[in-house]
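Residue numbering restarts at 1 for every chain, and letters A, B, ... go by the order of the sequence lines. Owing to the predicted nature of the structure, the values given are computational and were not obtained by experimental measurement.
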2 protein chains.
Amino acid sequence: MRSTDQIMHKAAWLYYMHGLRQDEVAKQLNISRASIATYLRRAREIGIVNISTSTQLFSDDVLARKLEDALSLETVWIVPEDRLAIDPAAEMPVVAAAVFLELINKGDRVGVAWGRTVYHLADVMPYADLQGVTVVQLCGNLGAPYNYRPDQCTTEIARRLNAEGINLYAPLVLSSERLASDLRNEPVIREQLASIADCQLVLYSVGGIESDSHLVRCGALTPEEMQALGEGGAGGVIAGQVIDHEGRWLDCPHNRRCISADLEIIKTIPKRMMVVEEDSKFQPLVAAIKGGFVSHLVVTHSMAMRLLARWEAEAPKRG
Amino acid sequence: MRSTDQIMHKAAWLYYMHGLRQDEVAKQLNISRASIATYLRRAREIGIVNISTSTQLFSDDVLARKLEDALSLETVWIVPEDRLAIDPAAEMPVVAAAVFLELINKGDRVGVAWGRTVYHLADVMPYADLQGVTVVQLCGNLGAPYNYRPDQCTTEIARRLNAEGINLYAPLVLSSERLASDLRNEPVIREQLASIADCQLVLYSVGGIESDSHLVRCGALTPEEMQALGEGGAGGVIAGQVIDHEGRWLDCPHNRRCISADLEIIKTIPKRMMVVEEDSKFQPLVAAIKGGFVSHLVVTHSMAMRLLARWEAEAPKRG
DNA sequence: ATAGGTCTTTGACTTTTGTCAGCGTTCGTG
DNA sequence: CACGAACGCTGACAAAAGTCAAAGACCTAT
C-alpha cells in the first residue's frame with residue numbers, strides 16, 4: 001500500500017465514517033484541507049468510498065409488478081420517459097448500471113455480453129470496490145466499426161468495479177464451422193466457455209435482426225445473410241447468437257461458426273439481467289423472454305406497456 | 001410509497017447518481033433547494049443512499065496477516081490505539097460496525113449476541129438498505145441495569161439496516177433447570193433457536209469471568225457464583241453461556257438454566273465475527289478462539305500483539 | 001367552523017467544500 | 001549532476017451545501 005493510498009484511506013475513513021469535516025480531517029492528518037478534498041475525490045473515484053442509491057424508485061411501480069406477474073419475471077425496473085431526467089435516453093444506462101451493481105453479490109462471477117447497450121452501461125458504471133468478483137466475457141471478439149469491442153466492455157466494467165476481468169481471446173465468428181468447432185475445443189477456450197456455467201449473474205441486451213442490425217454493422221453478417229436468417233425464422237440475437245421467435249437457438253451457419261457462451265448454459269444462470277433501450281427491439285425481446293433468457297428486466301415505460309399488452313392478449317382472462 | 005418518499009427517492013437519484021447539484025435537482029423537481037438538502041439528509045439517514053468505506057485500512061496490516069496465519073483466522077482487523085482517531089476508544093465500534101456491514105450479504109440471516117460491545121456497535125451502526133436480511137437475537141433477554149437489553153440490540157441493528165429483526169422472547173436465565181428445559185422445548189422458542197443454524201454470520205464479543213463481569217452486573221449470576229465458576233474452569237462467556245479455557249461449553253448450573261443459542265451450532269456458522277474492545281478480555285478471547293468461535297476478528301493493536309506472542313510461544317519454531 | 005397540533009417549505013444567512021494557479025519536492029533521464 | 005516532467009501540497013477565492021426561524025399547508029378533534 002503506497003503511503004498516499006494510506007492517507008487517502010484514512011481521510012476517507014475519518015470523513016465518511018466518523019463524519020469529521022474536511023478541516024478536521026486535515027488537522028488530524030497534518031495536511032491542508034485542499035489536499036483532503038483531493039484525496040476524497042480520488043477515494044470516491046477509485047471506489048474506496050462507495051455511494052449507492054437504491055433503484056427502488058424504478059422497480060416500485062404498479063406496472064412493474066404487473067409485468068413481473070404476467071411474464072413470470074423476478075424483478076422489473078421501469079424507466080420513465082417523461083421529465084425527471086435531463087435526458088431520457090441517458091437515464092436507461094444509469095439505471096441499468098445501478099441495478100447491475102445491486103444484483104452483484106460478493107464473490108460472484110458475472111458474465112457480460114456485448115452490444116451498444118452494454119457499452120453505454122459500462123460507460124456510466126459507478127466505481128466500486130468489489131474485490132473477489134470476477135467479470136467474464138460471454139462472447140468472442142469482433143472488430144470495431146464503432147469504437148468498442150466485447151473485450152473492452154468486460155475490461156472497463158471490471159476496472160470500474162475493481163473486479164477481476166477475464167477476456168475471451170477468440171473471434172466472435174470464424175469463416176468456417178470446422179475452425180469454430182476446433183477452436184471451441186481448444187482447452188483454454190473450452191474451459192472458459194464452461195466456466196460461464198458458474199456465473200451467478202449475466203448481463204446482456206437483445207439484438208435485432210434487421211438488415212442494419214448490430215451484427216451486420218460490425219461485419220459479422222452481410223445484410224443478405226441476415227435477411228435470409230430473418231426469413232428462416234430468426235427472432236433476435238443473444239450474445240452474438242441468433243435465436244428464433246420462441247427463443248430457441250437457431251441451427252444456422254452463423255451460429256455454428258460462432259464462439260460464444262452456450263445459450264443452454266446461460267438459461268441456467270440464476271440472474272439473467274436484460275436491458276433494452278430501443279423500442280424497436282420489441283419482437284426480439286419477446287423472443288428472449290419466451291426463451292427464458294430474462295429474469296431481471298430493465299425497460300422503458302412504453303416498452304413495458306407493449307409487453308404487458310402482448311402477454312395479456314396471448315393469455316386472455318385466466319383469473 | 002408516500003409521495004414525499006417518492007420525491008426523496010428522485011432527489012437522491014438525481015443528486016447521487018446523475019451528479020446534479022442541489023439547485024439543479026430543485027429546479028428539476030420544482031421545490032426549493034433547502035428542501036432538497038433536507039430530503040437528501042433523510043435519504044442518507046434512512047439508507048436509501050448508502051455511503052460506505054472499505055475497511056481495508058484496518059485489515060491491511062502486516063500484523064493482521066500474521067495473526068490470520070498463526071491463529072488460522074479468516075480475516076483480522078486491527079484498530080490502532082495511537083493518533084488517527086479523535087477518541088481511540090470510540091474507534092473500535094465504528095470499525096466493527098463497518099466490518100459487520102461488509103460481511104453481510106444480500107438475503108443473509110445474521111445472529112447478534114449481546115453485551116456492552118455489541119451495544120456500542122449498534123449505536124454507531126450506519127444506516128443501510130438491506131431488505132431481505134434478517135437479524136436474529138442469539139440469546140434470551142435480561143433486565144437492564146444499564147439501559148440496553150439483548151432485544152434492543154437486535155432491534156436497533158435491524159432498524160438501522162432496514163432489515164427484519166427477530167427477537168427471542170424468553171429470559172436469558174431462569175431460576176430452575178427444569179423450567180429452562182421446558183421453555184427450550186416450547187415450539188416457538190425451539191424453532192427460533194434451531195433457526196440460528198441457518199445464519200451465515202454471527203456477531204458477538206466475549207465476556208470476562210471476573211466477579212464484576214457483565215453477567216454479574218446484570219444480575220444473571222452472583223459474584224460468588226461467578227467466582228466458583230472461575231475456580232471450576234470457566235474461561236469466558238459467549239452469548240450468555242460460560243465456556244472453559246479450551247472454549248468448550250461448561251456443564252454448570254448457569255449454562256443449564258440458560259436460554260441461548262447452542263454453542264455447537266454457532267461453531268458451524270460460516271462467519272463468526274468477534275469484536276473485543278477491552279485488553280482485559282485477553283484470556284476469554286484466547287478461550288473463544290481455541291473453541292472455534294472466531295473466524296473474523298476485530299481487536300486493538302495491543303491485543304493483536306499479545307495474541308500473536310501467545311500463539312508463537314505455544315507453537316514455537318515450526319517453520 | 002376553528003383552534004391547535006404536526007409536518008413541509010422556503011428565503012436568507014453561515015459554514016463547508018471545490019477549484020486552481022503557483023510553489024516545492026521527488027524521481028527518472030540525459 | 002543538472003534538467004525537466006510529474007506529482008503533491010497549499011492559500012485564496014468561488015461555488016455549493018447546511019441551517020434555521022418563520023410562514024404556510026394539512027390534518028384532527030372539539
Side-chain angles (χ1 to χ4, degrees), chain A residues 1-54 56-57 60 83-87 94 124 126-128 159 162, chain B residues 1-54 56-57 60 83-87 90 94 124 126-128 159-160 162:
Chain A
M1 187 185 260
R2 293 213 325 280
S3 133
T4 116
D5 282 10
Q6 182 82 8
I7 295 179
M8 186 172 60
H9 266 96
K10 286 187 185 177
W13 181 261
L14 292 172
Y15 186 77
Y16 287 106
M17 299 310 280
H18 280 275
L20 301 197
R21 273 176 285 115
Q22 294 189 355
D23 54 346
E24 296 179 296
V25 177
K27 209 170 66 183
Q28 195 75 209
L29 300 182
N30 272 314
I31 44 183
S32 78
R33 198 194 54 71
S35 296
I36 297 296
T38 308
Y39 281 126
L40 291 179
R41 181 164 40 70
R42 287 224 311 248
R44 285 189 300 265
E45 283 169 4
I46 293 180
I48 286 174
V49 171
N50 217 14
I51 302 183
S52 64
T53 309
S54 157
Q56 208 190 348
L57 174 58
D60 209 10
R83 38 159 210 109
L84 185 54
I86 286 90
D87 176 9
V94 177
V124 297
Y127 289 82
R159 187 180 75 81
N162 256 302
Chain B
M1 189 185 256
R2 294 209 327 276
S3 130
T4 122
D5 282 11
Q6 182 82 9
I7 295 178
M8 186 171 62
H9 267 96
K10 286 188 186 178
W13 180 261
L14 291 172
Y15 187 78
Y16 287 107
M17 300 309 282
H18 280 276
L20 301 198
R21 276 179 281 112
Q22 293 189 354
D23 54 345
E24 296 179 297
V25 177
K27 208 171 65 184
Q28 193 77 208
L29 301 181
N30 271 316
I31 47 183
S32 78
R33 200 192 53 73
S35 296
I36 297 296
T38 309
Y39 281 125
L40 291 178
R41 182 163 38 69
R42 286 224 311 251
R44 284 189 300 265
E45 283 169 5
I46 293 179
I48 286 174
V49 171
N50 216 13
I51 302 184
S52 64
T53 310
S54 155
Q56 208 191 351
L57 176 59
D60 209 11
R83 67 230 135 79
L84 184 55
I86 284 94
D87 177 8
V94 178
V124 297
Y127 290 82
R159 187 180 73 81
R160 299 222 187 178
N162 256 304

Of all residues at least two apart in sequence or in a different chain, which pass the side chain to side chain donor-acceptor pair (under 3.5 Å) check with S35(A)? S32(A)
Nearest-neighbour nucleotide for the Q22(B) side chain, dT17(C), dG18(D), dT10(D) considered: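 Side chain of Q22(B) sits closest to dG18(D).
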Considering only dA16(D), dT10(D), dT19(C), which nucleotide approaches the side chain of R41(A) most closely? dT19(C)
Taking 4.0 Å as the cut-off, does a side-chain nitrogen or oxygen of [X] come that near to OP1 or OP2 on [N]?
{"X": "S35(A)", "N": "dT10(D)", "result": "yes"}
{"X": "Y39(B)", "N": "dT8(C)", "result": "no"}
{"X": "R44(B)", "N": "dG18(D)", "result": "yes"}
{"X": "S32(A)", "N": "dC9(D)", "result": "no"}

A34(B) vs T38(A), nearer the 5' end of DNA chain C by closest nucleotide: A34(B)
Starting at atom [atom1] of [X], determine the distance to atom [atom2] of [N], rounded to an integer number of angstrom.
{"X": "I31(B)", "N": "dG11(C)", "atom1": "CD1", "atom2": "P", "result": "12 Å"}
{"X": "Y16(B)", "N": "dA16(D)", "atom1": "OH", "atom2": "C1'", "result": "13 Å"}
{"X": "N30(B)", "N": "dT8(C)", "atom1": "CG", "atom2": "P", "result": "19 Å"}
{"X": "Y15(A)", "N": "dA17(D)", "atom1": "OH", "atom2": "P", "result": "11 Å"}
{"X": "L20(B)", "N": "dA17(D)", "atom1": "CG", "atom2": "P", "result": "10 Å"}
{"X": "M8(B)", "N": "dT8(C)", "atom1": "CE", "atom2": "C1'", "result": "14 Å"}
{"X": "L29(B)", "N": "dT10(C)", "atom1": "CG", "atom2": "P", "result": "11 Å"}
{"X": "D23(A)", "N": "dT10(D)", "atom1": "CG", "atom2": "P", "result": "14 Å"}

What is the minimum heavy-atom distance between L29(A) and I7(A), and which atoms define it? CD1-O, 4.1 Å
About how many Å separate CD of Q28(A) and CD of E24(A), when rounded to the nearest 0.5 Å?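 Atom-to-atom, E24(A):CD and Q28(A):CD are 8.5 Å apart.
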From L40(A) atom CG to Q22(A) atom CD, the distance as rounded to the nearest 0.5 Å: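 Output value for this atom pair is 5.5 Å.
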Under the 3.5 Å rule, do the base of dG18(C) and the side chain of R33(A) count as making a donor-acceptor pair? yes
Within the 4.5 Å heavy-atom criterion, are Y16(A) and R44(A) side-chain neighbours or not?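 Yes; the side chains approach each other to less than 4.5 Å.
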Tell me what I36(B) touches on the nucleic acid: a base, only sugar-phosphate, or nothing, going by heavy atoms under 4.0 Å. nothing
